[in-house]
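The following block contains the structure, expressed as structure tokens.
First the proteins, then the strands, lettered A, B, ... as listed; each starts at 1.
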Amino acid sequence: MHKIKEKKVLAEKTIMLKIVAPDIAKKAKPGNFIMLRIDEKGERIPLTIADHDLETITIIFLVVGRTTEDLSKLNKGDNILDIAGPLGNAIDIKKYGTIVFVAGGLGIAAIYPQLKALEKDNKIVSIIGARKKELLFLQDEIKEFSDKVIVCTDDGSYGKKGFVTDALKELINEEKIDRVITIGPPVMMRAVSEITKDKVKTVASINSIMVDGIGMCGSCRVRVNNEIKFACVDGPEFDAHGVDWDELLKRNSKYKEEEHECMCLKNIKA
Amino acid sequence: MHVFEKYKGVIKTMKFNEQKPKEQKSEERAHNFNEVCLGYTKEQAVEEAKRCLQCPVPMCEKGCPADISIKKFIKHIADEEFDLALKVILEKNSLPGVCGRVCPAEEQCKRSCISKPAININLLERFVADNSEKIIKNVKKIGKKIAVVGSGPAGLACSSDLALLGYEVVVFEALHKPGGVLIYGIPEFRLPKKIVMNEVGYIKKLGVDVKLNSVVGKLFSVDELLKEYDTVFIATGAGLPYFLGIDGENLNNVYSANEFLTRNNLMKSYKFPEYITPIKKAKKTIIIGGGNVAVDSARVAKRLGSDVTITYRRSRAEMPARDEEIKHAEEEGIKFKFLTNPIKIIGKDDVEAVECIRMKLGEPDESGRRRPIPIEGSEFKIKCGQVIVAIGQGPNPLIGKTINLNINEKKSIIIDKDYQTSIKNVFAGGDITSGSATVIKAISDGKKAAKIINKKLKGLK
């Protein structure tokens, strides 16, 4: 059992939970994630460890389906039944030069621990975006650890109007970039990898559907440079130019109907 | 032969008939997840036990990997001393309810039984496990600590034996429920999870501490465990699913058997949406493989409402699955296509068909089974909406990433005859060392390793 120590609504449908998990907190490194199960009937979902201290881990999630909806109903003092972690490979923290982070939506939470760790030896440019102003979050934190931040909204309600990829296209012509790290919706990451192809080494964090998160089932399998990889144990970061994005997009949408059924049932009960 | 001759006359004059347990009717059970075999009633168990000849040299015991005093416990059942029967079993095996259900008894104890038909030793074990109270032995602690990694059959067997010897045992389990393959792999209708939890409960009462959600290799390293514990026993099983490497294998609705079974067994997706882990259902399912895991997957898919066909590249005779399971599957209406090898999975987003090639059997290969050879030009397609790949599992790689243990070409941990790995005070057993075997082989490994660990820690030879 893990107690929720703090809860904050960061943006529309975007919630932060600080959860007591000292063993995991001690071992957490940038790039790691946890598998979480709320209660006995719950599913196991992966969530990036956005931050941690000696006692707690911080997760940030967007309410998109049944489990995140249930999770959003929990409050300070409530318990989460199961958390396993830290899982996945941590990122390599070293000197690359200029690193551009391109993050959309919830990806903003996932780049935060990474840029915080890489900031010391690298020049960090962060391009963060969301559909509209109300969906942006963690801006101050991202600013604190970036040399430059470009904020985009699809509707122009804040920052630059347009997609993060538009900003990246401009930047790539203006500046020498040594590494691009992109985290967000697969469609966005695919677009980023198309822009940087043959130009800049790009890594993407793959958020495929997982069950156990420890390499046992292959639900999260993704084709990278024509090899089958398990995102949970071989990733979550992969060479963005090698990822079979079309296949990933298809695989990520396979439980859409079931998700819908689950939500409908919940609404009827409510 | 000698013993058999001696008892021949007796066997002919036996007055008790073999007791057959009640089973759920095939047409009913193909639509539910309740247990197939309902086990013996008290009367049946006593009748069956009375059939035992109580041989002076019980051959059955030589066939038991757990070394159970079979003759003795059967005698207690015949005398209606069920608690004593269970006590006898528990001296050697802490998982009688599990073994009574999933042991391939026909290849072990029953095979050596001289009664014809053989006494249903497994069903008798199951009867006492289900119907008697397990008595907890109080053991004096000896002040030594053991870490066991993995709470599957090998880990549980090792930890309960060590606990009974006075060791303080902590089991680290990566998943949120203890039991390993007994929980995520073997389906409810063959091994109810209540039974597993009950036996784990008994092992906990022996003093074993089970830490869930504790991924060794991530949360703790083996090196860290060695600082706190006198010995580490690694029993992380064969949890890595193999894929065929054929086209279309990543299409939606192609599952590894591990994923399909984990969703249903561990996460209870067959109860979706009450339990919220989803599972895809299809009108027609093709299973690839011929082992117990393939048959389990087929029977789960059938219960989810699918029309199921198992394709196997060799013939019925070479199928590694237990006969009883194959028989049950056939009764439930599962079809088999032998000498059939899938070469391609076809579909756009979801699976639409599997392209197969017919095989013929050639000379025996290194496994002793006749090697399947493709018949050129015999390709054909089977339409289906779901494919489950059940061609075997390998050792889970996670632990190997953080510790430099010697492993073989199949990534299994190398051990010597004493279950000792290449690192001092680190032992290993079960499927992580042998590839993929049976529950009872893992239990036997766990028990033998416990014996050796005890000897080493006590400085005995």
key: Portion of K348(B) that has a non-hydrogen atom of chain A nearer than 4.5 angstrom   = backbone

message = Checking the side chain of D349(B) only, and the main-chain atoms of K250(A) only, is there a donor and an acceptor separated by less than 3.5 Å?
response =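 The answer is no, because no donor-acceptor pair under 3.5 Å joins these two groups.
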
inquiry  = Quick check with a 6.0 Å cut-off and a 45 degree axis cone: is K218(B) positioned over the face of F33(A)'s six-membered ring?
reply    = no

ask   = What are the two closest non-hydrogen atoms of K27(A) and S221(B), and how far apart are they?
value =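 For K27(A) and S221(B), the tightest heavy-atom pair comes out as NZ-N, 4.5 Å.
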
message = Counting heavy-atom pairs under 4.5 Å with chain A, which one of L175(B), L266(B), D350(B) comes out on top?
response =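 Top option by heavy-atom pairs under 4.5 Å: L175(B).
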
remark   = Applying a strict 4.5 Å limit to non-hydrogen atoms, the region of L261(B) in contact with chain A is neither

Region of E173(B) in contact with chain A, defined by heavy-atom distances below 4.5 Å = neither

request  = Supply the atom-to-atom distance Y184(B) OH to M216(A) CE, rounded to the nearest 0.5 angstrom.
outcome  =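 Rounded to the nearest 0.5 Å, the OH-CE separation comes out at 4.0 Å.
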
message = Just so I understand: if I count every heavy-atom pair under 4.5 Å between each of A174(B), P241(B), S214(B), S256(B) and chain A, which residue has the most?
response =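 Looking at each option in turn, the highest pair count goes to P241(B).
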
ask   = How about N250(B) and R251(A): does a side-chain donor come under 3.5 Å of a side-chain acceptor?
value = no

message = Given heavy-atom pairs under 4.5 angstrom as the criterion, report whether the side chain, backbone, both or neither of L212(B) touches chain A.
response =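 Neither part; nothing is under 4.5 Å.
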
query = Would you call the rings of F243(B) and F230(A) parallel, tilted or perpendicular, where under 30° means parallel and over 60° means perpendicular?
reply = perpendicular

ask   = Between atom CG of L398(B) and atom CG of L87(A), what is the distance when rounded to the nearest 0.5 Å?
value =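 The CG atom of L398(B) sits 7.5 Å away from the CG atom of L87(A).
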
inquiry  = With rounding to the nearest 0.5 angstrom, report the NZ to CG distance, K211(B) to D23(A).
reply    =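 So the NZ of K211(B) and the CG of D23(A) are separated by 8.0 Å.
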
inquiry  = Under a 4.5 Å cutoff for heavy-atom pairs, which residue among K271(B), K268(B), K280(B) has the most contacts with chain A?
reply    =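 When all of K271(B), K268(B), K280(B) are compared, K280(B) has the most.
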
query = Rounded to the nearest 0.5 Å, what separation is found between the CZ atom of F220(B) and the NZ atom of K26(A)?
reply =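 Rounded to the nearest 0.5 Å, the CZ-NZ separation comes to 8.0 Å.
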
task = Determine, for R223(A) against E249(B), whether the closest basic-nitrogen to carboxylate-oxygen distance falls under 4.0 angstrom.
result =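 Looking at E249(B) together with R223(A), the answer is no, because their closest N to O distance does not fall below 4.0 Å.
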
query = Passes salt bridge (charged side-chain N to carboxylate O under 4.0 Å, His left out), R263(B) versus E43(A)? Steps please.
reply = CA-CA 9 Å; R263(B) 281 182 182 271; E43(A) 62 179 337; over 6 Å; no

request  = Nearest 0.5 Å please: distance from the CD1 atom of I83(A) over to the CG atom of N213(B).
outcome  = 8.5 Å

